[in-house]
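What follows is a single structure, written as structure tokens, with notes after it.
Numbered from 1 within each chain, the chains take letters A, B, ... in sequence-line order. The shown structure was predicted, so the numbers you read here are calculated from the model rather than taken from an experiment. These values consider heavy atoms only, across backbone and side chains, with no hydrogens, waters or symmetry-generated copies.
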Protein chains: 2
Amino acid sequence: MEEPIEEWLKEVLMLDHAESKMTVKQMKIVQAAAEIFARKGFAAASTSEIAQQAGVAEGTIFRHYKTKKDLLLSIVAPVMSRLVAPFVIRDFGKVLENQYESFDQFLRAVIENRIEFLQRHMSIIKIMIQEVPFHPDLQEQFQKIVLAQVLSKMKVVVDRFRAEGKLLDLPSATIIRLTVSSILGYVAVRSLYGHQEDANWDDEAERQATIDFIMRGLAVPSPK
Amino acid sequence: MEEPIEEWLKEVLMLDHAESKMTVKQMKIVQAAAEIFARKGFAAASTSEIAQQAGVAEGTIFRHYKTKKDLLLSIVAPVMSRLVAPFVIRDFGKVLENQYESFDQFLRAVIENRIEFLQRHMSIIKIMIQEVPFHPDLQEQFQKIVLAQVLSKMKVVVDRFRAEGKLLDLPSATIIRLTVSSILGYVAVRSLYGHQEDANWDDEAERQATIDFIMRGLAVPSPK
DNA sequence: ATGTGAAGTGAGTAATCACTCACTTTTATC
DNA sequence: GATAAAAGTGAGTGATTACTCACTTCACAT
């Protein structure tokens, strides 16, 4: 029963394993690079500034990464895998079918879970969204790792709930698009205006409103 | 009755007026810059490449624009104004109240109108979204021109319809966030996968599904 | 026709870029 | 503790960058 969760954790830990083999200085480099890439963008970030902020010589960067772009990939690629990690477990839908009886409950759980992931890795997610459009190889990775996985795995779940009449008769790709864009909108606005102190931003209310909005938009209208 | 539309057109034409005073070569520069900024990003675009693609000497660029960033601003700023142009007409809400009796009709019209605008200026919109996060002065412009205008003008309309019980009891900022994020999701996915020939992308169906999704998510649920 | 300011040019400049390499220091194995 | 491999260094490299400037060409009012 708990097996799939273990498998998912294995996926996550395997990636952290790569980090555990890192030197202290290499970790500093990755952290500095992630911070500067997020703040200035990949093209505007210079290796000399990264080295300076990491407290290492510029040559040290190229001891671990062949090119600046290699450094970018080593930062972005892992979060792509971890972003879809919950979806790649075996029989994704069937497993959760037992835990969550209603589509509402199920979708809420998935959404809450991924919202928290997005917020925890906000700066790297920002780098990903910013740079994917400009790097064909990153686009390909995104297509194969994220899109293909999420679409195929979610399709099964969506199809089942739709067959049960709990979901509107829309293509699953459409349903996923509407869901994801609403979530990204919430996360983006939150990261912009949610951290200001003056903010009239009730985070819990906004999150609930967003999830409710998605549910109302996707559910079959109750008959009058 | 038609006056506000004239006023809105005036806003748009005033900006085109600036273009009409341009030299042929200056137009070429702006077009080349817009294309290259969209394709490679602002930081990765070089003035020499822009000059080459525009068929002018590199010095000519700096005859018209003091810096590379000035060139960026001259491209992005006008579409910000035009993006909110329909909202800045006098008594935005009251005027349309007469034309569209239901909130549904009204919101559909506004959404359809702005979707078409976004698609017509897709490449510049892309530049805007890409570069606003990295340039504090662009952020400020976006805040003052786009956000403030849309929020304040839409608030009036939203408040009225909500008072009539046709809209859920949510902050108008939330309603606008949910609406805009759904639209941007539609436009983004369409621009990525909608132009492929193989595409299983039924544009009209996707657009209708998106608008319906927004409506269902915002409307007060009909009593059983 | 002529004078004048704007438009256009392209070689030139200092700064910065990503990356290399000969060298030193650290770490791990026996 | 000797040895070798890996990690770390920083001055140096050629290429590219945004931008300048002395100069030429053009458009147009008189």
Residues pairing under side-chain hydrogen bond (donor to acceptor under 3.5 Å, both in side chains) where one sits in residues 123-133 of chain B, two or more places apart or in two chains, turn out to be B:E131-B:H135
Check your understanding: Looking only at side-chain N and O atoms, does B:H64 come under 4.0 Å of OP1 or OP2 in C:dG8?
Key -> yes
Please state whether the phosphate of C:dT9, meaning OP1 or OP2, lies under 4.0 angstrom from any side-chain nitrogen or oxygen of B:T60. yes
*So, A:E58 versus A:S48: side-chain donor-acceptor pair below 3.5 Å or not?*
no
_Flag if over 12 foreign heavy atoms under 6.0 Å of CD, B:Q52_ = no
Whole angstrom value for the distance that separates [atom2] of [N] from [atom1] of [X]:
X: B:K21; N: D:dA27; atom1: NZ; atom2: P; value: 19 Å
X: A:E49; N: C:dA15; atom1: CD; atom2: C1'; value: 16 Å
X: B:I61; N: C:dG10; atom1: CD1; atom2: C1'; value: 13 Å
X: B:K28; N: C:dG8; atom1: NZ; atom2: P; value: 13 Å

**OP:** Would you mind checking if B:D70 and B:K66 are paired as a salt bridge, meaning a charged N to carboxylate O distance below 4.0 Å?
**Re:** no
**Report entry** A:R108/A:E112 ion pair, N-O < 4.0 Å
**Finding:** no
- Query: Do the ring centers of A:F42 and A:F134 come within less than 6.0 Å of each other?
  - Reply: no
Taken to the nearest 0.5 Å, the spacing of A:L151 CG from A:Q143 CD works out to 9.0 Å
Review point. B:Y186 vs B:W201 aromatic rings, parallel, tilted or perpendicular, using cut-offs 30° and 60°?
Key: parallel
In numerical order, the residues of residues 30-41 of chain B whose heavy atoms come under 4.0 Å of DNA chain D are none
Protein-proximity profile, nucleotides 17-28 of chain C, B/S/- by nucleotide at the 4.0 Å heavy-atom cutoff, equals SBBB-B------
